[in-house]
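Take a look at the following structure, please.
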Amino acid sequence: MSRIMIVDDDFDTLRYCEGLLAPQGNEILIHTDAHRALKVLEQHPVDLLIVDIVMPAMSGFDFIHAVKKLEQFNAPILMLTGRSAPKDVLTALELGATDYLVKPIDKDLFVGKIASIIGARPRTPEVRFAQGATDVSAEIAIPARITAVSEMGLTMRTRHYLDRNVHTKVDSPLFEEIGIAKPQLRAVHSKPVENDAHYRYEVFVSFIGLDQLSMQRIRRWIINRAIATRKAG
Amino acid sequence: MDSMEKLKQEYVASLAQKRETIRITLGSVMRALKNRVAPDWKALEFVVHKFAGSSGTYGFRELSAHARDLEDRITGGEFASAPAKKTAAYLHAWLERLDALLEGAINGKKAA
């Protein structure tokens, strides 16, 4: 059982999320008041925090900024919002959000994303080493091959293991073919593959913060691929 | 009836109240336009933003898209430089369309 806190000033959304997650055996804490939620988090740990962005008393960005300052807080954070601008997605990730889901809620995607995040949570306490602070942008280029696309994300073959919940970006002509901008991605799992001379791992990465139009284009692309495959067969 | 269907029915029962909130906020904007004072676009943006999210979540995608369209126009500053009369006419038509969609949602029919 996981303890999940959801903070959203819209009570209808809270009830809907609770209705989806509680029957799966999760303990759900719902809060319309971000300040009150913050007080609860000071005392009680959670396994996942789900936060809206547009709230009257405190924005979701300010909320996660405050939450990250809590000494004992180490839960993953899912932003759940109607805002889909790339700058909002980037701001959320820079503030420390684990993932970002755009409303309206698609229940299968919502439940799937949460399972992937909770499953990805480290079971052991994080060891902290001494560090020298810096803030320099960098990119890592890893050769990869995309082998499948779903509404949830991409299945790829790579030479490198990607840790769970690591954020990444993938450059591929596939996105232009689908008709979407290069998306933000989060690694969900990496499995070793055999009998592949080029790649060592199969990695599943989840889309972060895709808007409704992008989701529609992905669905259409998947349908077109299925039709083309059937015709070819 | 499963629990999610029950939640949806309760949401449908709340649509008239939500419509009233939108109508009051939109009415305030239209009065401001008429009196040539600055409308509270932020308040209207907030109300339709919330409605776009919840209505789509409960399966009313047309209602959600309609609300999102107005939100995007406000956020994009479309009304900032437009003549007040034209903006008021647009908002009036928007509310009429909202009513048609709400009637469809409440009665379980597709709006014309």
Side-chain angles (χ1 to χ4, degrees), chain A residues 6-26 28 30 32 34 50-60 78-88 100-111 113-114 209-216 219, chain B residues 1-22 24-25 28 40-78 98 101-102 104-106:
Chain A
I6 313 169
V7 185
D8 192 317
D9 63 305
D10 185 72
F11 194 62
D12 295 312
T13 301
L14 287 176
R15 291 183 74 202
Y16 188 87
C17 295
E18 186 182 29
L20 289 177
L21 300 175
Q24 299 180 6
N26 299 300
I28 310 298
I30 57 174
T32 52
I50 301 174
V51 190
D52 184 22
I53 291 179
V54 181
M55 298 188 285
M58 182 191 256
S59 83
L78 170 66
M79 303 305 292
L80 181 64
T81 174
R83 282 172 46 168
S84 59
K87 69 176 171 59
D88 291 322
Y100 191 110
L101 194 61
V102 177
K103 292 177 189 169
I105 298 169
D106 176 310
K107 65 179 176 187
D108 293 330
L109 276 179
F110 179 67
V111 171
K113 215 172 237 308
I114 283 167
L210 287 191
D211 60 14
Q212 295 300 309
L213 183 62
S214 301
M215 293 302 294
Q216 281 171 14
R219 287 185 199 112
Chain B
M1 188 195 308
D2 71 16
S3 58
M4 295 310 286
E5 189 54 38
K6 188 166 177 281
L7 278 180
K8 186 172 178 174
Q9 286 200 1
E10 286 171 14
Y11 184 78
V12 170
S14 75
L15 283 175
Q17 179 59 47
K18 287 178 171 54
R19 191 258 180 206
E20 194 57 13
T21 304
I22 292 171
I24 290 168
T25 315
S28 159
D40 191 351
W41 289 115
K42 278 278 164 207
L44 185 58
E45 181 191 341
F46 183 81
V47 169
V48 292
H49 172 85
K50 290 292 160 187
F51 185 65
S54 67
S55 57
T57 292
Y58 280 91
F60 301 106
R61 298 292 160 133
E62 273 187 284
L63 271 174
S64 177
H66 188 59
R68 191 72 74 205
D69 179 63
L70 180 56
E71 184 194 355
D72 288 345
R73 284 169 196 267
I74 297 169
T75 315
E78 191 175 313
L98 179 77
L101 291 169
L102 279 171
I106 291 165

Contact part of A:L20 toward chain B, heavy-atom cut-off under 4.5 Å: side chain, backbone, both or neither? both
Are there donor-acceptor pairs under 3.5 Å across chain B and chain A? List atom names and distances.
from, atom 1, to, atom 2, distance (Å)
B:E10, OE1, A:R15, NH1, 2.8
B:E10, OE1, A:R15, NH2, 2.4
B:K18, NZ, A:D12, OD2, 2.7
B:K50, NZ, A:D9, OD1, 2.5
B:K50, NZ, A:D52, OD2, 2.5
B:K50, NZ, A:V54, O, 2.5
B:T57, OG1, A:I105, N, 3.0
B:Y58, OH, A:D12, O, 2.7

Under 4.5 Å from a heavy atom of chain B, the part of A:P56 involved: both
